[in-house]
Amino acid sequence: MSERRVRVRFAPSPTGPLHMGGVRTALFNYLFARKHGGDFLLRIEDTDQTRYVPGAEQYIIEALRWCGLNYDEGVDIGGPCAPYRQSDRKELYHKYAMQLIDSGHAYYAFDTPEELEKKREEWQNLKLDVQQYNAVTRGELKNSLTLSAQETQQLLDSGMHYVVRFKMPEDENIVVNDIIRGEITVHSTQVDDKVLYKSDGMPTYHLANVVDDYLMNISHVIRGEEWLPSLPLHVMLYRAFDWLAVMPQFAHLPLLLKPEGKGKLSKRDGDKMGFPVFPLEWKDPFSGEVSSGYREKGYFQEAFVNLLALLGWNPGTEQEIFSMDELINAFDLDKVGKSGSKFDPEKAKWFNQQYLRMKSDEELSQMFLPIVQQRTVIASMQMVRSVVPLVKERAQFVHEMWEQTSFFFDAPAGYEEKAVKKTWKENSVAHLQFVKEMIESEPDMAAAHFEPRVKDAITENGFGMGAVLNALRLALVGELKGPHLFDIMRIIGKENTLARINKAIAYMSQMQTHTS
Ligand code: GLU
C-alpha cells in the first residue's frame with residue numbers, strides 16, 4: 001500500500017484571540033506537515049454561533065502570518081476543499097446527519113430543556129447517578145427510539161425543535177489510539193449520546209469536525225489535550241460512517257501550565273504576572289479591554305516560535321536555539337511528552353535576548369531607529385549606528401536600548417539627586433573646567449591618544465581619577481550609568497560634550513551660591 005499523503009489542519013474556533021497554546025498547536029501541525037512534505041490547512045470552526053467573536057478570525061490569520069506558519073489551503077486563500085469556514089459549509093452537514101439516522105447510528109430527540117431538567121430531578125430523587133442522555137436513559141426520553149415512526153414524522157412536520165443525537169453502543173469497550181498517549185480504552189457507558197446536529201440547521205463541533213476531516217482527507221489530527229475526551233465519540237463516528245479505513249491518526253498535545261506549574265496557563269496569569277499570553281495585542285470588541293501581545297511587547301517572531309516549540313516537545317539534545325528549518329528537521333511527534341509543560345516568562349525573555357544578539361548591528365539599527373524617532377527629534381541614523389553595538393549585549397528587547405542610550409540623543413534634563421550629592425564636590429567645577437580646556441584644545445577626540453592624554457593630565461595635576469571622571473559622567477549622562485566615558489564623548493562629539501559640561505558647570509555654580 002502506498003503511504004498516505006500527510007495532510008494536517010489547524011482548526012480554531014473564532015471565539016476570541018488565539019491563546020499561545022493555540023499557536024503552539026498550529027506550529028506543531030506546521031512542523032509536522034513540512035517535515036513530511038505534506039499539506040497544512042487552516043479551517044475555521046464557527047458552528048457555535050453563540051460564541052462567535054467579531055475580529056477573531058482575522059486575528060487568527062494575522063497571528064499565523066506573523067509566526068511564519070503559512071498554510072497551503074485555508075479560509076482566506078481557498079484550495080481544493082473550499083470553503084474552509086464551517087458556517088459556509090453549513091448545507092453539507094445535514095446529509096451526513098441523515099445518513100447516520102438512516103443507518104441507525106443516530107436518532108432524533110425532541111425533549112425540551114425543561115423536560116430534561118425534570119427528568120434529571122427525578123433521577124436524582126431516585127438516587128440514580130445517571131444524569132446524561134445515554135444508553136441507559138434514552139429509552140425513557142422523547143426521541144425517535146421511543147416514539148413510533150408516525151409520531152416522529154408528525155413532530156418533524158409540525159416544525160418542533162429537535163436535535164440529532166449519536167446512539168452510543170450500550171456495552172462496548174471503545175479502544176482508541178493516540179500517538180503521544182498510546183492505546184486508551186473507554187467504556188461506551190462513559191460517553192453520552194452527544195448532539196450532532198440541531199434543527200436550526202447547524203451541526204455541532206463533533207459532526208462538523210469529523211465530516212470535514214474526512215472530506216479534507218486529513219491524515220493526522222494534532223490538537224490540544226482538552227479534546228481527548230471527544231476522541232471515543234469521534235472514533236465511533238468514523239466507524240458509523242464506515243470511514244475507519246481513512247480515519248486520521250490522533251495526537252493530543254500536553255497542556256501549557258502556569259509558571260508555578262499547576263493548572264492551565266490562562267489569560268489571568270498573564271495579567272497577574274505581566275507577560276502576554278497572546279501572540280498579538282487584542283482589543284475585546286465588546287468590553288474594549290486590551291490584552292497585550294508578544295509582537296507588541298517587542299518579541300522577535302523567531303524567538304516566539306522557538307520558545308513555543310520547546311513547550312512540550314523535546315529535541316533529545318541540549319540544543320535550545322532552533323531556526324524554523326532546524327525545527328522542521330528535528331521535529332517528531334514521538335518526542336512530544338504526555339505531561340503538561342510549565343511556561344516560564346523569564347525564559348521567554350532569554351530567548352528574545354539570544355535572537356537579539358544574533359542580529360547584526362545594522363539590522364538592530366534599522367529596528368531601533370523608529371523607536372528613537374518616536375522619542376526624540378534628534379534621531380540620526382549615524383548616532384543610532386554608533387550606540388547599538390555599545391548596548392547590544394545588555395538588552396533583551398530592542399526598545400530597552402532606548403533606556404540605555406537616551407542620553408546620547410538628548411542632553412540630560414536634570415541630574416540625579418543622589419549622584420549629585422555623592423559626586424559633585426567643591427572642586428568639581430575646577431575639574432570640569434580642566435577637562436573642558438583639554439577638549440577645546442583637542443583637534444580629534446576620536447583619536448587613540450585622546451583618552452591617555454586626558455588621564456595622564458589628571459594624574460599629573462594630582463586630581464583623583466575617579467573624582468574627575470565621575471563628575472564628568474554625571475555632567476554628560478545625568479546619572480552615573482552608561483558605557484565607557486570616552487566612547488560617550490566620541491559619539492556625542494566635541495560640541496555636545498562641551499555644551500553639556502558648560503551646562504553642568506552653570507548648574508553647580510548656581511547650587512554653590514544657593515548653599516553658601
Ligand atoms: N475547533 C476546535 C478548537 O477550537 C478544534 C479541535 C480540533 O482540532 O479538533 O480547538
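For ligands, and for the atoms within them, numbers begin at 1 and follow the listed sequence.
Summary of contacts: the protein heavy atom closest to atom 6 (C) of ligand 1 is Tyr205 OH, 3.4 Å. Remark: minimum distance from atom 2 (C) of ligand 1 to any protein heavy atom is reached at Ala11 O, 3.3 Å. Looking only at heavy atoms of the protein, atom 8 (O) of ligand 1 is closest to Arg9 NH1, 2.8 Å. For atom 3 (C) of ligand 1, the closest non-hydrogen atom of the protein is Trp227 CZ2, 3.4 Å. Counting protein heavy atoms only, atom 7 (C) of ligand 1 is closest to Arg223 CD, 3.4 Å.
You'll find the side chain of Glu260 reaches within 4.5 Å of the side chain of Met273, heavy atoms only. Counting heavy atoms from C-beta on, the side chains of Leu233 and Met168 come closer than 4.5 Å.
Counting heavy-atom neighbours within 6.0 Å of His161 NE2, excluding the residue itself, gives a total of 12 or less.
Going from atom OH of Tyr299 over to atom CH2 of Trp66 covers 9.5 Å, rounded to the nearest 0.5 Å.
Residue Glu45 has at least one heavy-atom neighbour below 4.0 Å for each of these atoms of ligand 1: 1 (N), 2 (C), 5 (C). Shown in contact with Asn209 at under 4.0 Å from a heavy atom are these atoms of ligand 1, numbered in order with element: 7 (C), 9 (O).
The aromatic ring centroids of His220 and Phe28 lie 6.0 Å or more from each other. The aromatic ring centres of Phe304 and Tyr294 sit less than 6.0 Å apart.
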